[in-house]
There are 2 protein chains.
Amino acid sequence: MATQPTTLTPGKGERTATRVREAALELFSRLGFERTTMGDIAVAAGVSQPALHYHFQDKAQLWRAAMLQLRAVIAEEEQLMEASTGAGPLDQLRTALRLFLQISWKHPALGRIVALEGMAGGERLDWLHAHLLGPRNQRLVDLARAAIAAGELKPFPPEQLIITLQAAGAGVINLSPLMKTSFGIDPSTPTARAAHEAMMLDAFLGGLLAQPQSPARRQTAPASGEAP
Amino acid sequence: MATQPTTLTPGKGERTATRVREAALELFSRLGFERTTMGDIAVAAGVSQPALHYHFQDKAQLWRAAMLQLRAVIAEEEQLMEASTGAGPLDQLRTALRLFLQISWKHPALGRIVALEGMAGGERLDWLHAHLLGPRNQRLVDLARAAIAAGELKPFPPEQLIITLQAAGAGVINLSPLMKTSFGIDPSTPTARAAHEAMMLDAFLGGLLAQPQSPARRQTAPASGEAP
DNA sequence: GCGGTTTCTGATTTCATAGTCAGAAATGAC
DNA sequence: GTCATTTCTGACTATGAAATCAGAAACCGC
């Protein structure tokens with residue numbers, strides 16, 4: 001007794017509830033709320049459909065429970081950001097973007113949900129904003145604003161800038177099925193991931209700089225080679 | 001008789017069918033296929049729900065009919081691109097991006113559909129690829145590849161590059177509801193649109209250039225002032 | 001304005017899925 | 001091992017949306 005202060009062994013109920021939440025997050029984020037059926041989730045979690053209603057009151061509550069798993073993801077991101085407190089705003093923004101990309105690859109459901117519900121609007125988006133996205137977006141916008149104020153970034157509207165960076169960063173990840181269909185390419189291979197990260201940090205963020213920092217040899221190898 | 005070689009006056013049936021297609025495109029692209037009901041479309045088009053089945057066999061066929069309206073949009077884009085045939089690949093790419101942004105603002109449904117179905121995969125994405133997106137994406141990737149071969153663009157994987165540019169360009173437009181919820185901002189005002197276009201062309205595309213073309217005064221005013 | 005055709009509606013059926021419930025099976029403390 | 005409790009299932013109901021259809025209304029060439 002000492003390693004984890006939380007529950008020692010989760011107990012059968014909590015274990016299946018977790019499986020259900022994970023399956024639900026995957027399906028909800030990929031297909032959206034209505035297109036995902038309780039039956040689909042049950043099959044994916046390996047239980048019967050009524051079992052879902054034993055653990056979760058209804059579909060809407062299961063959706064929220066699934067989303068709440070992402071709180072840990074965002075909290076982890078936030079914690080990793082703290083290491084760069086004290087650095088200049090641009091360096092912090094660079095770190096934030098790098099972390100965003102890592103998190104997005106590791107938990108693609110987050111970006112998909114933002115895209116899905118962010119397009120539709122409605123009460124689910126309001127809920128996401130209140131419980132998940134609000135502080136994070138605010139933090140990033142504040143960073144961008146500080147970098148602009150410091151003369152390190154071109155003076156674009158910081159909200160647009162942040163949303164666009166997120167959309168660009170998550171684009172290739174979210175649209176994996178499209179890339180497969182259109183080009184026969186799987187963007188989740190290590191090679192493709194490295195190229196993607198290089199492109200985002202080098203080119204996209206680089207283009208936003210107020211002065212072309214070091215125009216000489218900042219060329220990172222975009223393909224091949226393993227990531228650090 | 002001479003102005004239009006097509007039908008002179010559409011006739012009542014075709015007129016309501018068009019209203020239905022337009023309403024369907026708006027709803028399908030915003031909410032997705034399952035979340036959109038035939039009843040919703042009927043109300044939006046000002047007809048009864050069975051009327052939809054008079055003009056369109058079933059929901060799936062109405063979806064396809066709605067999507068086919070976007071063919072004209074893409075054809076128009078393609079036609080406008082022809083003006084820059086003969087220019088260097090980078091100039092063509094710049095034109096393509098500018099046109100993409102214009103089209104995306106004018107017909108936001110296109111970007112939303114790509115995002116929605118491109119995330120989910122499945123037969124609707126296959127259909128979109130075959131009937132709408134395939135040639136366009138191929139054309140853009142070929143352009144990027146040419147620009148890279150000419151040494152004008154940094155050598156990132158052209159497919160990733162194109163998808164990312166599209167995701168970045170459509171991001172702010174698609175995520176209008178998110179921007180409203182998170183920041184209370186409407187990105188579709190003329191000012192915001194101008195800033196967005198400047199950001200995409202100046203910063204994002206600029207960052208991709210192989211050599212920092214003209215690092216001096218290529219600073220376009222990001223906000224205020226009317227677009228040319 | 002008439003008659004045939006096109007276009008549309010109200011009423012109804014069909015079907016998929018969310019949600020309920022009584023009771024069976026698994027679990028784990030003793 | 002026993003037994004109370006937790007966990008889950010099969011069978012069922014309720015609901016909402018897609019699709020159908022008979023007939024009404026609008027349309028249009030004459």
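Below, chain A is the first sequence line, B the second, and so on; all start at residue 1. None of the values given here were measured: they were computed from a predicted structure.
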Taking side-chain hydrogen bond (donor to acceptor under 3.5 Å, both in side chains) as the test, write out the residues that go with B:E159, two or more places apart. B:R145

Could you state the interatomic distance from CG (A:D126) to CG (A:L133), rounded to the nearest 0.5 Å? 11.0 Å

Contacts of A:T37 meeting side-chain hydrogen bond (donor to acceptor under 3.5 Å, both in side chains) (sequence neighbours excluded), chain-then-number -> A:D40

Which donor-acceptor pairs under 3.5 Å do the side chains of residues 99-111 of chain B make with protein atoms, sequence neighbours left out?
residue	atom	partner	partner atom	Å
B:S104	OG	B:F100	O	2.7
B:W105	NE1	B:H196	ND1	3.4

Residue A:H53, side-chain heavy atoms: nucleotide from C:dC8, C:dG19, D:dG10 that is nearest: C:dG19

What is the distance, to the nearest angstrom, from the CD atom on A:Q57 to the C1' atom on C:dC21? 16 Å

I'd like to know if B:R112 pairs up with B:E26 as an ion pair, taking the criterion as any Lys NZ or Arg NE/NH1/NH2 lying under 4.0 Å from an Asp or Glu carboxylate oxygen. yes

Whole angstrom value for the distance that separates C1' of C:dC15 from CG of B:D58: 15 Å

Tell me which residues in residues 28-49 of chain A put a heavy atom below 4.0 Å from DNA chain C, sorted by number, or none. A:T36, A:T37, A:M38, A:G39, A:Q49

Just how far, in rounded Å, is P of C:dA18 from CG of A:L52? 10 Å

Can you tell me if A:T16 touches the phosphate of D:dC8, counting only side-chain N or O atoms and a distance under 4.0 Å to OP1 or OP2? yes

In whole angstroms, the gap separating P of C:dT5 from CD of B:E14 amounts to 21 Å

For C:dT7, does OP1 or OP2 lie under 4.0 Å from any side-chain N or O of B:Y54? yes

How bent is the helix from C:dG1-D:dC30 to C:dC30-D:dG1, measuring the angle between the end axes built from five pairs each, rounded to 10°? 30°

Can any side-chain N or O of B:T181 pair as donor or acceptor with the backbone N or O of B:L178 at less than 3.5 Å? no

Sequence neighbours left out, what passes side-chain hydrogen bond (donor to acceptor under 3.5 Å, both in side chains) with A:E34? Give chain and number order. A:R124, B:R35

I'd like to know if the side chain of A:S182 reaches the main chain of A:M179, judged simply by a donor and an acceptor atom lying under 3.5 Å from each other, with no hydrogens or angles considered. no

Nearest whole angstrom, please: distance from the P of C:dT20 to the NZ of A:K59. 15 Å

